[in-house]
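Note that this is a predicted model, so its numbers are computed, not measured. The first residue of the sequence shown is numbered 1, and numbering continues consecutively from there.
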Amino acid sequence: MSNMTLAIIKPDAVGKRFTGKIIDHILSAGFDIAAMKKIHMTTEEAQRFYAVHKERPFFNDLVEFMTSGPCIIAALKKENAVEAWRATIGATNPEEADEGTIRKLYAESVQNNAVHGSDSDENAVKEIAFFFSADEILSE
Ligand code: IDP
Ligand code: MG
């Protein structure tokens, strides 16, 4: 499934009413939205979603941030979706993100960085399945 990736519009960006601008950016960059919904992650879900980072010093703050308000999650479709979406969002730290990327435009800090993107095809498949059932994902 190398044509799909998981995007999350994080609580900071949803709270600042950037959802529309970010969805416009997604569409302008040529992604199709295969699935989308609004969720408010539980602590348990955020801990499981970010389990790979559980030994990192920022883990508890990250879980608290991701559960601080609702997120918009989406399965995005495009050729080489993972790489294309990472290029569209920019570096984790917005200070290091290229001009015109979503994080450069809308992120406030390395933690509150507006959006998530899967980092590999393998993780994209897992992350999409974490939030969406197969019948919620449209291929048209
Ligand atoms: P990514 O989102 O660009 O893939 P990761 O290294 O996978 O970055 O980190 C996951 C999330 O954890 C980041 O998007 C950010 O919200 C948070 N994070 C990463 N590094 C730091 C840090 O050094 N301090 C605080 N939060 C961080
Ligand atoms: Mg990551």
Side-chain angles (χ1 to χ4, degrees):
M1 208 163 58
S2 63
N3 64 338
M4 298 263 263
T5 192
L6 183 81
I8 302 178
I9 305 176
K10 295 184 179 182
D12 59 319
V14 173
K16 288 162 131 178
R17 309 187 78 80
F18 289 152
T19 299
K21 290 187 170 75
I22 293 172
I23 292 173
D24 191 37
H25 202 124
I26 287 169
L27 297 174
S28 298
F31 294 90
D32 287 319
I33 296 167
M36 179 172 269
K37 62 186 171 187
K38 188 175 193 180
I39 61 158
H40 193 140
M41 271 190 228
T42 64
T43 298
E44 185 274 329
E45 280 174 323
Q47 286 171 336
R48 240 176 342 112
F49 183 74
Y50 280 118
V52 63
H53 294 308
K54 65 176 183 293
E55 305 303 334
R56 307 285 286 276
F58 58 80
F59 180 70
N60 288 337
D61 288 343
L62 175 61
V63 168
E64 199 173 310
F65 162 58
M66 291 301 290
T67 58
S68 66
C71 294
I72 307 292
I73 54 173
L76 303 183
K77 215 174 119 194
K78 192 181 203 275
E79 206 172 310
N80 292 320
V82 166
E83 201 185 329
W85 179 236
R86 297 288 306 195
T88 302
I89 68 179
T92 307
N93 184 345
E95 288 178 11
E96 293 162 13
D98 289 341
E99 290 299 329
T101 59
I102 291 175
R103 282 168 166 168
K104 185 69 172 190
L105 289 165
Y106 303 115
E108 57 192 41
S109 68
V110 63
Q111 177 184 272
N112 298 12
N113 61 1
V115 282
H116 167 82
S118 307
D119 63 6
S120 66
D121 288 343
E122 189 191 352
N123 284 336
V125 170
K126 285 189 201 156
E127 290 179 1
I128 290 168
F130 188 94
F131 290 115
F132 294 104
S133 58
D135 66 357
E136 287 179 300
I137 300 166
L138 296 196
S139 56
E140 53 199 60

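Shown here are the side chain to side chain donor-acceptor pair (under 3.5 Å) partners of Glu79, two or more places apart in sequence or in another chain: there are none. With sequence neighbours excluded, the residues satisfying side chain to side chain contact (heavy atoms under 4.5 Å, CB included) with Ala29 are Phe31, Thr88. Applying the ring pair (Phe, Tyr, Trp, His ring centres under 6.0 Å) rule to Phe130 yields the partners Phe49; only residues at least two apart in sequence or on another chain are considered. Taking the side chain to side chain contact (heavy atoms under 4.5 Å, CB included) definition, one finds that Ser28 meets it with Asp24, sequence neighbours left out. The side chain to side chain contact (heavy atoms under 4.5 Å, CB included) test applied to Thr92 returns Arg86, Arg103, Val110, Asn113, not counting sequence neighbours. Taking the side chain to side chain contact (heavy atoms under 4.5 Å, CB included) definition, one finds that Ile22 meets it with Ile9, Ala13, Phe18, Ile26, Ile102, Tyr106, Val115, sequence neighbours left out. With sequence neighbours excluded, no residue satisfies side chain to side chain donor-acceptor pair (under 3.5 Å) with Asp32. For the salt bridge (Lys or Arg N to Asp or Glu O under 4.0 Å) test, no residue two or more places apart in sequence or in another chain qualifies with Glu95.
Side-chain heavy atoms closer than 4.5 Å link hydrophobic residues (I, L, V, M, F, W, Y) into clusters, and following such links, possibly through other members, connects Ile33 to Val14.
The minimum heavy-atom distance between Ile8 and Met66, with the atom names listed, is CG2-CE, 4.2 Å. Shortest non-hydrogen contact noted between Gly117 and Ile89 is N-CD1, 3.8 Å. What you find for Phe65 and Pro11 is that their closest heavy atoms are O-CG, 3.4 Å.
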| message | Under the criterion side chain to side chain contact (heavy atoms under 4.5 Å, CB included), I'd like the reasoning laid out for Val52 against Asn123: C-alpha separation, chi angles, the key distance, then a yes or no. | response | CA-CA 11 Å; Val52 63; Asn123 284 336; over 6 Å; no

| How far apart are the C-alpha atoms of Ile23 and Leu27, what are their side-chain angles, what is the distance that settles it, and do they pass the side chain to side chain contact (heavy atoms under 4.5 Å, CB included) test? | CA-CA 6 Å; Ile23 292 173; Leu27 297 174; 4.2 Å; yes

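Rounding to the nearest 0.5 Å gives a distance of 8.0 Å between CD of Glu99 and CG of Leu105. Rounding to the nearest 0.5 Å places CD of Gln47 at 12.0 Å from CE of Met41. Distance check: Glu45 CD to Ile39 CD1 gives 5.5 Å after rounding to the nearest 0.5 Å. The NZ atom of Lys38 sits 10.0 Å away from atom SG of Cys71, with the distance rounded to the nearest 0.5 Å. Atom CE in Met4 sits 14.5 Å away from atom CH2 in Trp85 (nearest 0.5 Å). Between the OH atom of Tyr50 and the CZ atom of Phe58 there is a distance of 9.0 Å, given to the nearest 0.5 Å.
The hydrophobic cluster of Val82 has no other members, since no ILVMFWY side-chain heavy atom comes under 4.5 Å of it.
Sorted by first and then second residue, the pairs that involve residues 53-69 and meet side-chain hydrogen bond (donor to acceptor under 3.5 Å, both in side chains), not counting sequence neighbours, are His53-Arg56. Pairs engaging residues 11-22 under the side-chain hydrogen bond (donor to acceptor under 3.5 Å, both in side chains) rule: Lys16-Glu108 [sequence neighbours left out]. Screening residues 122-136 for salt bridge (charged side-chain N to carboxylate O under 4.0 Å, His left out) gives Lys37-Glu136, Glu122-Lys126 as the qualifying pairs, with residues at least two apart or on separate chains.
Within 6.0 Å of atom CD in Gln111, more than 12 heavy atoms from other residues, nucleotides or ligands are found, so the atom counts as buried in its surroundings.
Contact of the Ile72 side chain with the Met36 side chain is registered, since non-hydrogen atoms from C-beta on lie closer than 4.5 Å.
With hydrogens and angles disregarded, a donor-acceptor distance shorter than 3.5 Å links the side chain of Ser118 to the backbone of Leu6.
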